[in-house]
Student: 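The structure is given below, and queries will be raised subsequently.
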Amino acid sequence: MIRLLTPAVCGALVAGALLVTPIEAGQSAPAGQPAPAPAAPAAPPEHRSLADAQRLFYNAHYQEAADLALKLRESGQHDLANDEVRTTALLFVLRGLLKGQDAHNGEDKDAVLKACAKCPAVLATFTEDLHHGQGIAREMLKANPADETALFYLGKLDLNYVWLQLGLLGKKTGWDEYWEARKSLDALLKANPKHVRARVARGWIDFIVNTRMPWGTRWILGGGNKKKGLAAVREGAAMATDPFSHAEAEFALWDMLLRDKNIVEATEVARRIALAFPENTEVAVFLKGGRATPSK
């Protein structure tokens with residue numbers, strides 16, 4: 001079997017960062033769409049939860065999000081959700097350390113990585129958490145192959161690994177994880193088509209494989225469909241769900257619209273995001289006319 005994935009399969013496969021869509025004061029959520037959780041002051045340290053780590057992440061405080069996820073483990077919260085949040089935050093920490101490099105920025109990735117003094121520790125921590133979460137999910141699936149929680153998190157963690165290797169490090173590896181993720185997400189969506197986060201993750205696979213892969217590679221990767229991927233994310237963003245799942249769909253929609261050069265609609269989505277998370281400097285830079293981080 002060919003064991004190759006080109007670096008063009010990049011950070012988009014992670015399904016993006018997670019941002020909640022705001023509703024302006026006095027307005028209600030659109031039909032079929034959940035009202036996002038209002039901004040809340042930080043909880044006292046002893047009462048903080050994984051939701052606080054997610055909120056830090058949505059505001060682009062990636063290191064703080066990773067640190068809080070680790071801190072929460074002292075009270076026994078080292079589960080699949082914790083591993084997923086922390087590995088995702090660590091990917092964005094690493095992206096910052098590597099000067100924001102991704103698959104199409106032309107950087108000498110090896111040279112940048114060798115010059116990064118903090119990167120080895122981040123990579124080691126990421127790998128430890130990744131393997132912990134993958135191990136839990138795989139054991140759960142041995143006991144119950146239809147376990148929706150395990151199917152989703154295994155797919156999501158695998159895609160985090162794919163982004164690390166292909167997008168950030170530029171290594172042509174990740175084939176096994178790519179197929180495991182695709183298989184897990186397809187099985188989950190067959191059983192539960194309304195699983196918003198799985199729809200978003202699977203939509204990213206369709207979108208990126210179709211838009212970034214040459215024809216032969218698309219065939220090897222099982223094919224892709226840009227329109228189908230974008231439609232899946234649009235539908236996910238419109239579905240009634242919890243605020244964090246809705247957030248992920250909204251951020252993914254913004255990213256895809258940028259990649260599709262639909263700047264008008266992307267700006268509308270970014271404005272909703274910015275109202276909810278004004279500390280997110282990446283969104284603020286885009287709205288001020290600067291470089292849009294997600295678009296590669």
Side-chain angles (χ1 to χ4, degrees), residues 11-23 28-40 49-60 62 65 68-69 72 77 79-89 91-92 133 137 147-160 163 181 184-207 228-257 269-270 272-277 280 283 294:
L13 291 179
V14 180
L18 315 177
L19 286 176
V20 170
T21 304
I23 301 295
S28 58
Q33 188 166 301
S49 68
L50 196 62
D52 294 295
Q54 290 173 304
R55 194 168 292 109
L56 286 167
F57 179 74
Y58 306 153
N59 277 296
Y62 305 124
L68 179 55
L72 291 171
Q77 295 187 46
D79 55 12
L80 283 170
N82 185 291
D83 280 327
E84 188 265 330
V85 169
R86 191 158 194 261
T87 55
T88 305
L91 284 174
F92 280 82
D147 189 305
E148 293 188 4
T149 298
L151 286 170
F152 171 72
Y153 281 114
L154 181 58
K156 184 63 165 60
L157 288 166
D158 281 344
L159 290 180
N160 279 358
W163 180 24
S184 294
L185 294 170
D186 284 348
L188 172 53
L189 288 170
K190 182 177 181 179
N192 181 6
K194 294 185 179 181
H195 193 293
V196 172
R197 297 192 71 192
R199 289 174 68 92
V200 171
R202 190 60 178 82
W204 266 124
I205 292 176
D206 272 325
F207 188 93
K228 180 180 177 182
L230 183 55
V233 171
R234 284 187 188 280
E235 291 166 3
M239 293 171 68
T241 187
D242 66 272
F244 294 145
S245 296
H246 178 64
E248 189 165 54
E250 276 282 270
F251 197 97
L253 180 59
W254 175 51
D255 195 330
M256 281 190 183
L257 290 168
V269 177
R272 297 198 299 262
I273 290 170
L275 286 173
F277 296 99
N280 190 303
V283 177

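Residue indices begin at 1 and follow the sequence shown. As the structure is a computational prediction, the values presented were derived from the model and not from experiment.
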Student: Can you see which heavy atom on G236 is nearest to which on A249, and at what distance?
Tutor: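 That would be C-CB, 3.9 Å.
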Student: To the nearest 0.5 Å, how far apart are CG in N160 and CD in E84?
Tutor: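 Output value for this atom pair is 6.5 Å.
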Student: Do you know which two heavy atoms are closest between S184 and L154, and how far apart they sit?
Tutor: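 Reported closest heavy-atom pair: OG-CD2, 3.7 Å.
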Student: Could you go step by step and tell me if F244 and Y58 meet the side-chain contact (heavy atoms from CB on, under 4.5 Å) rule?
Tutor: CA-CA 10 Å; F244 294 145; Y58 306 153; 3.0 Å; yes
Student: Search all heavy atoms of A201 against all heavy atoms of L159 and return the closest pair with its distance.
Tutor: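 Scanning both residues, the minimum pair turns out to be CB-CD1, 4.2 Å.
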Student: I'd like to know whether the aromatic ring centres of F57 and F92 sit less than 6.0 Å apart in this structure.
Tutor: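 Between F92 and F57, which both carry aromatic rings, the centre distance is below 6.0 Å.
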Student: At what distance, to the nearest 0.5 angstrom, does CZ of R197 lie from CZ of F152?
Tutor: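 Rounded to the nearest 0.5 Å, the CZ-CZ separation comes to 3.5 Å.
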Student: Evaluate V283 against R272 for side-chain contact (heavy atoms from CB on, under 4.5 Å), listing each step before the verdict.
Tutor: CA-CA 10 Å; V283 177; R272 297 198 299 262; over 6 Å; no
Student: Just to verify, what does E235 make a salt bridge (charged side-chain N to carboxylate O under 4.0 Å, His left out) with, not counting sequence neighbours?
Tutor: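 Testing E235 for salt bridge (charged side-chain N to carboxylate O under 4.0 Å, His left out), a comparison that skips the adjacent residues, returns R199.
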Student: What's the separation between atom CZ in R86 and atom CG in L72, rounded to the nearest 0.5 Å?
Tutor: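 Rounded to the nearest 0.5 Å, the CZ-CG separation comes out at 10.5 Å.
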Student: Could you work out, with side-chain hydrogen bond (donor to acceptor under 3.5 Å, both in side chains) as the rule, every residue matching N192, not counting sequence neighbours?
Tutor: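 N192 satisfies side-chain hydrogen bond (donor to acceptor under 3.5 Å, both in side chains) with E148 only.
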Student: Quick one: salt bridge (charged side-chain N to carboxylate O under 4.0 Å, His left out) partners of D186, sequence neighbours excluded?
Tutor: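 For D186, the residues satisfying salt bridge (charged side-chain N to carboxylate O under 4.0 Å, His left out) (neighbours in sequence not counted) are R202.
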Student: Between V233 and F207, is the side-chain contact (heavy atoms from CB on, under 4.5 Å) condition met? List the steps.
Tutor: CA-CA 10 Å; V233 171; F207 188 93; over 6 Å; no
Student: Any side-chain heavy-atom pair from V269 and E250 closer than 4.5 angstrom?
Tutor: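 Answer yes - side chains close enough.
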Student: For residues A150 and L80, report the shortest heavy-atom separation together with the two atoms involved.
Tutor: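 Result for this residue pair: CA-CD1, 4.4 Å.
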Student: Working to the nearest 0.5 angstrom, can you tell me the gap between S49 OG and L68 CG?
Tutor: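 Here the interatomic distance stands at 8.0 Å.
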Student: Where do K156 and T88 come nearest, in terms of heavy atoms and distance?
Tutor: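 Smallest interatomic distance, heavy atoms only, reads NZ-OG1, 3.4 Å.
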Student: Checking side-chain contact (heavy atoms from CB on, under 4.5 Å) for the pair I273/N280: CA distance, chi angles, key distance, verdict?
Tutor: CA-CA 9 Å; I273 290 170; N280 190 303; 5.5 Å; no
Student: CG/L185 to NZ/K190 distance, rounded to the nearest 0.5 angstrom?
Tutor: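 One gets 15.0 Å once the value is rounded to the nearest 0.5 Å.
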Student: What are the two closest heavy atoms between L157 and T87, and how far apart are they?
Tutor: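 Looking at all heavy atoms of both residues, the shortest contact is CD2-OG1, 3.6 Å.
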Student: How many angstroms lie between atom CG of L56 and atom CZ of F277, to the nearest 0.5 angstrom?
Tutor: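 Taking CG in L56 and CZ in F277, the distance rounds to 10.0 Å.
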